[in-house]
There are 2 protein chains.
Amino acid sequence: MTTAQPPETEEPDSEEPGAEEPGTDEPGTVRPGGRTARVRAAVLRAAGDALAEHGFAQLDLADIARRAGVGKTTVYRRWGTVTGLLADLLADMARTSPRTETGSLLGDLEANARLVRRTLADPRQGRLFRAVIAAATCDERTAAALHRFYESRIAEWEPCARQAVERGELPQGTDTHEVIRAVSAPLYYRLLATGAPLDEESAHRAAQAAYAAACAGAYVREHTGVYEAQG
Amino acid sequence: MTTAQPPETEEPDSEEPGAEEPGTDEPGTVRPGGRTARVRAAVLRAAGDALAEHGFAQLDLADIARRAGVGKTTVYRRWGTVTGLLADLLADMARTSPRTETGSLLGDLEANARLVRRTLADPRQGRLFRAVIAAATCDERTAAALHRFYESRIAEWEPCARQAVERGELPQGTDTHEVIRAVSAPLYYRLLATGAPLDEESAHRAAQAAYAAACAGAYVREHTGVYEAQG
DNA sequence: GTACTAACGGAACTACGGTTCCATTAAGAC
DNA sequence: GTCTTAATGGAACCGTAGTTCCGTTAGTAC
């Protein structure tokens with residue numbers, strides 16, 4: 001959100017074979033320094049603000065351009081659509097922040113639950129997440145960026161579950177990523193589906209439930225050997 | 001979705017005190033018979049189809065009117081906005097369908113998990129749910145309709161958990177609604193956030209995890225007496 | 001059956017999100 | 001410093017989602 005670097009680097013080369021000139025790049029790739037970088041940072045910042053205020057549907061790029069102090073032509077040229085901009089914003093949000101370590105699995109799960117709850121319950125962040133998730137339901141690129149975002153967040157916390165397996169606290173064969181996901185799931189379900197409050201107790205329950213289920217072997221990989229990989 | 005009856009009956013009388021004429025009702029309330037009912041049914045059906053095909057953002061009411069064989073003026077007059085129409089659609093979806101009863105809590109939770117998984121994994125239904133949830137992030141009325149929808153679905157399955165408490169299978173003081181919600185949560189988390197596949201194993205895990213957590217007392221109401229009610 | 005009018009629907013209209021054009025600014029190479 | 005041209009931004013433009021107008025259709029009362 002603060003600094004900026006080239007986005008959309010994972011573009012799969014070309015959508016249709018033999019389109020336009022082969023070497024033509026997106027704007028912003030040849031001279032990514034000074035102004036270009038400032039524009040990108042300002043626009044992503046403004047996009048986050050606008051999303052948090054209006055939500056996904058009521059959003060138009062002209063408003064974002066105005067907030068960013070940038071011409072709307074620039075925004076349309078660089079990102080094209082609201083969902084395209086959000087995909088870039090998600091890539092920017094995906095950079096990991098160091099997690100706390102409490103030494104015990106239950107303690108780490110509680111810490112994770114509190115962090116997720118606090119993020120989703122925060123007015124600005126909560127709206128931002130809801131908006132981004134809504135956008136992902138409308139656009140494949142945004143959805144892919146969202147999945148990468150959660151992959152990186154889950155991977156960041158997974159070691160605490162893996163260590164618990166290694167020291168015998170959780171059963172052998174436990175899908176450790178799934179343990180971490182289990183902490184977030186009930187909190188997101190409240191945020192998006194039921195609208196139940198995201199209070200401290202909901203976070204505590206989420207961590208306790210994930211821990212109890214993991215100990216009972218609910219996340220041990222079963223039958224098929226298909227789901228070995230992280231998935 | 002098939003039959004139709006007056007929607008928006010839970011309208012809180014008037015938004016602003018002293019607006020327009022006091023007795024003027026929404027169109028469709030004075031002569032709700034024949035044509036009006038057919039129009040409503042056709043439009044809701046078409047809205048579901050269009051949502052499943054295009055998603056929430058790419059939707060316009062003129063297209064829905066065309067599919068329904070109805071004038072677009074009528075759609076705008078009756079529902080006004082996409083989110084307003086979706087709120088009505090959700091009210092229509094909220095009517096409960098009888099659930100299966102297997103006699104054991106784990107069996108019922110498994111049945112619920114399979115039902116939810118099948119619904120969300122179905123191409124049409126899955127898109128429909130994602131679209132409706134996306135719409136709910138953008139509009140308060142739609143969000144309220146969505147919450148009512150899940151309230152009714154959860155309430156439909158809650159008895160199996162309550163009976164389990166009564167016969168001592170689950171601890172006294174367990175929040176039985178929360179047990180049911182715990183089954184859906186990981187499946188919705190996959191659908192909306194991580195994009196992980198909604199396969200049979202995910203449903204099995206969801207039920208197993210909810211059961212294990214409930215047995216371990218993770219859903220027992222704690223500390224504060226504030227959360228006695230269903231919430 | 002007739003009368004009354006709620007509700008519908010086609011067509012013209014409006015407003016605004018999104019695009020195109022081109023002059024201006026400044027990044028990067030030397 | 002100069003030169004080249006990538007990138008920006010204002011202004012005019014366009015297409016379509018959403019509105020208004022008003023004549024037509026058909027529920028409901030009698």
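By convention in this document, chain letters (A, B, ...) are assigned in the order of the sequence lines, proteins followed by strands, and residues within each chain are numbered from 1. No experiment lies behind these values; they were computed from the predicted model shown.
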Novice: With the side chain of A:R38 defined as its heavy atoms from C-beta on, choose the nearest nucleotide among C:dA7, C:dG9, C:dA27.
Specialist: C:dA27
Novice: Within the sub-3.5 Å range, which N or O atoms of nucleotides 28-30 of chain D have a protein N or O partner, and how far apart are they?
Specialist:
from   : atom 1 : to    : atom 2 : distance (Å)
D:dT28 : OP1    : B:G33 : N      : 3.0

Novice: Verify, without hydrogens or angle tests, whether A:T137 (side chain) and A:A134 (backbone) share a donor-acceptor contact under 3.5 angstrom.
Specialist: yes
Novice: So, taking the atom named CD1 in B:I64 and the one named CH2 in B:W79, what distance separates them when rounded to the nearest 0.5 Å?
Specialist: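 Reported value, rounded in 0.5 Å steps: 9.5 Å.
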Novice: Taking only residues two or more places apart in sequence, or in another chain, which ones meet A:Y188 in a ring pair (Phe, Tyr, Trp, His ring centres under 6.0 Å)?
Specialist: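 By the ring pair (Phe, Tyr, Trp, His ring centres under 6.0 Å) rule, A:Y188 matches A:Y150, B:Y189.
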Novice: Starting at atom CH2 of B:W79, determine the distance to atom C1' of C:dC8, rounded to an integer number of angstrom.
Specialist: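 Rounding to the nearest Å, CH2 of B:W79 and C1' of C:dC8 are 12 Å apart.
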Novice: First locate atom CD1 of B:I154, then atom CG of B:N112, and finally report the distance between them rounded to the nearest 0.5 Å.
Specialist: 7.0 Å
Novice: Return the value, rounded to whole Å, for the distance between atom NE2 of B:H54 and atom C1' of D:dA17.
Specialist: 15 Å
Novice: Roughly how many Å is it from CZ in B:R66 to P in C:dA11, rounded to a whole number?
Specialist: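 So the two atoms are 14 Å apart, to the nearest Å.
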Novice: Can you name the salt bridge (charged side-chain N to carboxylate O under 4.0 Å, His left out) partners of B:R66, sequence neighbours left out?
Specialist: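 Once residues adjacent in sequence are excluded, the partners of B:R66 under the salt bridge (charged side-chain N to carboxylate O under 4.0 Å, His left out) criterion are B:D63.
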Novice: Determine whether a donor-acceptor pair (N or O, by modelled atom type, separation under 3.5 Å) exists between the side chain of B:T142 and the backbone of B:T83.
Specialist: yes
Novice: Thinking salt bridges, do A:R78 and A:D88 make one under a 4.0 Å N-O criterion?
Specialist: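 Result for this pair is no, no salt bridge flagged.
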Novice: So, is B:R78 close to the C:dC8 phosphate, meaning a side-chain N or O under 4.0 Å from OP1 or OP2?
Specialist: yes
Novice: Salt-bridge test for B:R117 and B:D199: reply yes if a basic N is under 4.0 Å from a carboxylate O, no otherwise.
Specialist: no
Novice: With sequence neighbours left out, what residues match B:E101 under side chain to side chain donor-acceptor pair (under 3.5 Å)?
Specialist: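 By the side chain to side chain donor-acceptor pair (under 3.5 Å) rule, B:E101 matches B:R99.
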Novice: For B:D122, is there an ion pair with B:R118 - N to carboxylate O distance below 4.0 angstrom?
Specialist: no
Novice: Starting at CG of B:D63 and ending at C1' of D:dT16, how long is that distance when rounded to a whole Å?
Specialist: 13 Å
Novice: Considering only NZ, NE, NH1 and NH2 on the basic side and carboxylate oxygens on the acidic side, decide whether A:E151 and A:R148 come within less than 4.0 Å.
Specialist: no
Novice: Indicate, with a heavy-atom threshold strictly under 4.0 Å, whether B:T74 touches base, sugar-phosphate, or nothing.
Specialist: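 Answer is base: heavy atoms of B:T74 come under 4.0 Å of a base.
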Novice: When you check every protein heavy atom under 4.0 Å of nucleotides 13-24 of chain C, what one-letter string (B, S, -) results, 5' to 3'?
Specialist: ----SBBBB---
Novice: When the C1' atoms of the five terminal pairs at each end define the local axes, what inter-axis angle does the helix from C:dG1-D:dC30 to C:dC30-D:dG1 show, to 10 degrees?
Specialist: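 Nearest ten degrees gives 60° for this helix.
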